[in-house]
Amino acid sequence: MNMRAIIKRSVALTCAYYLFDDWRARRRLANGRLETSSGARHAELDIDASLDYVERVYGDYLAYGGVKHFSGSVAEIGPGDSFAVALRCLGGGAKHVHAIDRWVSERDAEAQRRIYSALAERNNLGHLFDGAPGEDTIRGLTYHAGQPAETFFRTCGLSFDAILSRAVMEHLYDPLAALDDMAACLAPGGIMIHRIDLRDHGMFAGHHPLTLLTLGDGLHRRMTRGAGRPNRVLINAYRDWLTRSGLSGKLTVSRLAGIAEEIEPAPWAALDKSATSRAVACVRAIRPRLTAQFKAMADEDLAVAGLVLVARKNNT
Ligand SMILES: C[S@@+](CC[C@H](N)C(=O)[O-])C[C@H]1O[C@@H](n2cnc3c(N)ncnc32)[C@H](O)[C@@H]1O
């Protein structure tokens, strides 16, 4: 058995590894090193799979928001290794897209150029490039690299008609404060759409899927904050935030604990009963080991492993 397998078999050793890894990540950030493999989504996809992914993400945003396109000024948080979704927003009618990222995801510039060229051809977007298609030539795109969402929205002085993210909010070290700042930056009638993956992102692969919720707060923070690993802000906290935000919106469930497949986002009550029963059984199997704050939560809330948050500001 190799060292990695030995560490992964033990929760204590896994925690020790992530403590070290987070310390290393904080040092890298302090030295201004922004490169990360997180968000390198397209690295292992061929061009067709990349294009499918981009269309799925863009199509999901439109469907979740119940809109035909985005207009005005758009913020995309955590775009990862591609601005292709930003390009689709610009092609649909957005005037400007601000891409905000705490890191810079590793990318293959040549592969990205192929994606932009194919999208430009397919959707008639050639006019959006200042020269040959590439990430430096997209008109109307500003990349704010090295800027955590937690500080960007507090200090940017900008107003947005739409704020979008997918698989990002779970990586924020303070997502609820960031949501407050985003709400303040929304223009009247503006919308925010966040698809959030509440799983542990493989930290405790091979153990119970909710093992992350058995760690004390201080330990969890020191294992995750610098490297942007999952923050343990669950559906109850997003629900409370939405209630106090003054925005109108909804939360739907996109994943369930212990079930690998994604589901079409829907309210808990509308989900398949056998799937929700399996997810609740998964929660009950670990409940005695959860820390007090998670023990206090309802089974149904702990059983939600992914969600979509949509919130709109009134027009007045
Ligand atoms: C898992 S990737 C998702 C990439 C892309 N949205 C997708 O769906 O393929 C997470 C992205 O969020 C970024 N990120 C993590 N923490 C962040 C923070 N606090 N503020 C802004 N971006 C962050 C990462 O650098 C990365 O680009």
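Start at 1 and go down the list; that is how both ligands and their atoms are numbered.
Residues S82 and Q112 share a closest heavy-atom pair of OG-OE1, 2.8 Å.
In the vicinity of A167, heavy-atom distances shorter than 4.0 Å reach the ligand 1 atoms 1 (C), 2 (S), 3 (C), 10 (C). Ligand-side atoms of ligand 1 in range of P148: 20 (N), range being under 4.0 angstrom from any heavy atom. Annotation for ligand 1: atoms under 4.0 Å from non-hydrogen atoms of H171 are 1 (C), 10 (C), 15 (C), 16 (N).
Residues Y18 and R229 have side chains that never bring a donor and an acceptor to within less than 3.5 angstrom of each other. W241 and D180 form a side-chain donor-acceptor contact under 3.5 Å, judged by distance and modelled atom types alone.
The stretch residues 185-214 participates, sequence neighbours left out, in these ring pair (Phe, Tyr, Trp, His ring centres under 6.0 Å) pairs: H171-H201. Sequence neighbours left out, the pairs with a member in residues 113-129 that pass salt bridge (Lys or Arg N to Asp or Glu O under 4.0 Å) are E110-R113.
Nearest protein neighbour of atom 21 (C) of ligand 1, counting heavy atoms only, is R102 N, 3.4 Å. Among protein heavy atoms, atom 24 (C) of ligand 1 sits closest to D101 OD1, 3.3 Å. Looking from atom 19 (N) of ligand 1 to the surrounding protein, the closest heavy atom is E150 OE1, 3.0 Å.
In this structure, V57 has no heavy atom closer than 4.0 Å to ligand 1. Using a 4.0 Å cutoff on heavy atoms, Y53 counts as a contact of ligand 1.
Here the options are I191, I163, L164, D161, the test is side chain to side chain contact (heavy atoms under 4.5 Å, CB included), and the partner is V74; only L164 passes.
Put simply, the side chain of M192 reaches to within 4.5 Å of the side chain of L247, judged on heavy atoms.
With a 4.0 Å cut-off on non-hydrogen atoms, R41 touches ligand 1 through its side chain and not its backbone. Both the backbone and the side chain of A149 come within 4.0 Å of ligand 1, judged by heavy-atom distances.
Considering S82, G78, P175 only, the shortest heavy-atom separation from atom 11 (C) of ligand 1 involves G78. The option from S105, S165, G39, S37 that lies nearest to atom 2 (S) of ligand 1, judged by heavy atoms, is G39.
The line from CZ of R88 to CG of L125 is 6.5 Å long, rounded to the nearest 0.5 Å. In this structure, the separation between CG on D200 and CZ on R232 is 11.5 Å, given to the nearest 0.5 Å.
Checking only distances, R166 does come within under 3.5 Å of ligand 1, N or O to N or O. For ligand 1, one of its N or O atoms has an N or O atom of G80 under 3.5 Å away.
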